[in-house]
Amino acid sequence: MRPLRWIIALFLTLQFAIPVSAMQHDHGEMPSFKPVIIDPNKKSELQTLINDTPVGGVLQLEDKVYRGVIQITKPITIRGTAETQIYSLSTIFSMTDTENVTLENVTLKADELAVIATNVKNLTFSNVRIEEANGGIQIFNSENITFDHLTISGPGGHFSTKENAVAIYESKQVTMTNNDIWDVLDGFYLESVKGITGSGNTITDSRYGFHMMYSDDSKLHNNTLMNNMTGLMIMIAKNVELTDNKILRQRSLNSLGVYLYDVENVAFRGNAMTENTTAMDIQQARALIIEDNVFTTNGTVFQVKRSETALITNNELNANILTVRTDHQGVQLVRNMYDDYTGDDFDKNGIGDTSHIAANAFGQWMVKKPVYQYFMESPSVVTLNLMETDITDTKNQLVLDAEPVVKVSTRVLQLDVQPVQLAVSGAALIGLLMLRRKWK
């Protein structure tokens, strides 16, 4: 029997080694700015038009395709039409050491980057479409950058073979509104950026929706992040507000809705977290409040390490597999509503008369051994959880919400009756009744 046991152990080790290693997040060094080399003897039509436009002027492009590698070193507005396209076998636009540059209403297609910019103040992209670009926009050491109604799509294939839609380094005051991005590496990669505002953006089918590192004073509101590996990846940041976002269906084996690492003064309010493998992974968080959010049908809602001051309060949790898994430092749970709370409210004050066990022994084990997640909801684990709930003298080892909110259902069933469907269903039912009589 001993060889068989060794074979089984080896098989399980090989099966679980890959998912555990996939949880590691590697980050390379910040790239340096590499100016685009332009042959002064070869001027494209578009470069000539830009050179002939006065400083601060507006260049109106036609309904046509322009080609070439373009350099911008002066204030200018370049405005296209719905049919204006600009192609390049290299990088299209190189913007350096200037201010007040606006690019709007054009479609860009490049074999390398659509835009690379450094030392630009007041840079605006509006209604710009970047199609199947290997890389989108890279910006270094710039200020007051605005992205409004960008549409960026990457090429086919796995995200590991792609580049970021927008990557910004060592800059400040970035505004991102109503942009639509899919099939890229990261939607917005922001490193050492101060003063970030993002609202109304939709990022799907990529590695990370927003990837922010060393970036303080950020506000992300009303964004939709769906079908990514991770929706929000925020690391080593201070003063962050995350409100009213929809973070949905990050549901690969090791996917996360939100990952917070070494953050301080973070407010997470009013967000909808649905169908994520892990809704929130929190590590080394200080002054973090998670409040008034809805968590529905997630695998694990909160995975918390070294963040005992994190406050989780007034949230609604429905149809999740596991509420919390945390280390020995624990986490603060106060007045949340749990759909699996079975206690009573005899005094009718809306607060349960008994505590709710949000993290049990099995959840704690999963923190140390993530492979245990494959046994969730197995008969043995369900039995263990029931036994643990009834043993009161182990509560000091559990994560409890001492004041759980008692669920009050106010939902009204509404039937959306479609006449055609009703007629078809009625005919089918009559046919079945007639056949039944015939058989008798």
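Model, not experiment: these values are computed from the prediction. Numbers for residues simply follow the sequence, beginning at 1.
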Worksheet item: Taking the six-membered ring for Trp, are Tyr208 and Phe188 ring centroids under 6.0 Å apart?
Response: no

Worksheet item: Who passes side-chain contact (heavy atoms from CB on, under 4.5 Å) against Arg251, sequence neighbours left out?
Response: Arg249, Glu275, Thr277

Worksheet item: With no hydrogens and no angle check, is any side-chain donor or acceptor of Asp345 less than 3.5 Å from a backbone partner on Gly352?
Response: no

Worksheet item: Parallel, tilted or perpendicular: which fits the ring planes of Tyr189 and Tyr169, with parallel below 30° and perpendicular above 60°?
Response: tilted

Discussion item. Treating Asn293 as the side-chain partner and Phe268 as the backbone partner, does any N or O pair qualify as donor plus acceptor under 3.5 Å?
Written reply: yes

Item to complete: Could you tell me whether a side-chain N or O of Asn100 sits under 3.5 Å from a main-chain N or O of Pro75, the two making a donor and an acceptor?
Response: no

Practice prompt. May I ask you to decide if Glu143's main-chain N or O and Ser171's side chain share a donor-acceptor pair within less than 3.5 Å?
Written response: no

Practice prompt. Can you label the angle between the Phe125 ring and the Phe147 ring as parallel, tilted or perpendicular, going by 30° and 60°?
Written response: parallel

Side-chain atoms of residues 58-70: list all donor-acceptor pairs with protein atoms under 3.5 Å, sequence neighbours left out, distances to 0.1 Å.
from: Gln60; atom 1: NE2; to: Arg79; atom 2: O; distance (Å): 3.2
from: Asp63; atom 1: OD1; to: Thr81; atom 2: OG1; distance (Å): 2.1
from: Lys64; atom 1: NZ; to: Glu45; atom 2: OE1; distance (Å): 3.2
from: Lys64; atom 1: NZ; to: Glu45; atom 2: OE2; distance (Å): 3.1
from: Tyr66; atom 1: OH; to: Glu62; atom 2: N; distance (Å): 2.9

Fill in: Gln250: which of Thr278, Asn276, Asn227 passes side chain to side chain donor-acceptor pair (under 3.5 Å)
Asn276

Discussion item. Would Asn271 and Asn245 count as a side chain to side chain donor-acceptor pair (under 3.5 Å) here? Give the steps.
Written reply: CA-CA 5 Å; Asn271 302 285; Asn245 300 289; 3.1 Å; yes

Worksheet item: Going by distance alone, is a donor N or O of one side chain under 3.5 Å from an acceptor N or O of the other, for Asp148 and Thr177?
Response: yes

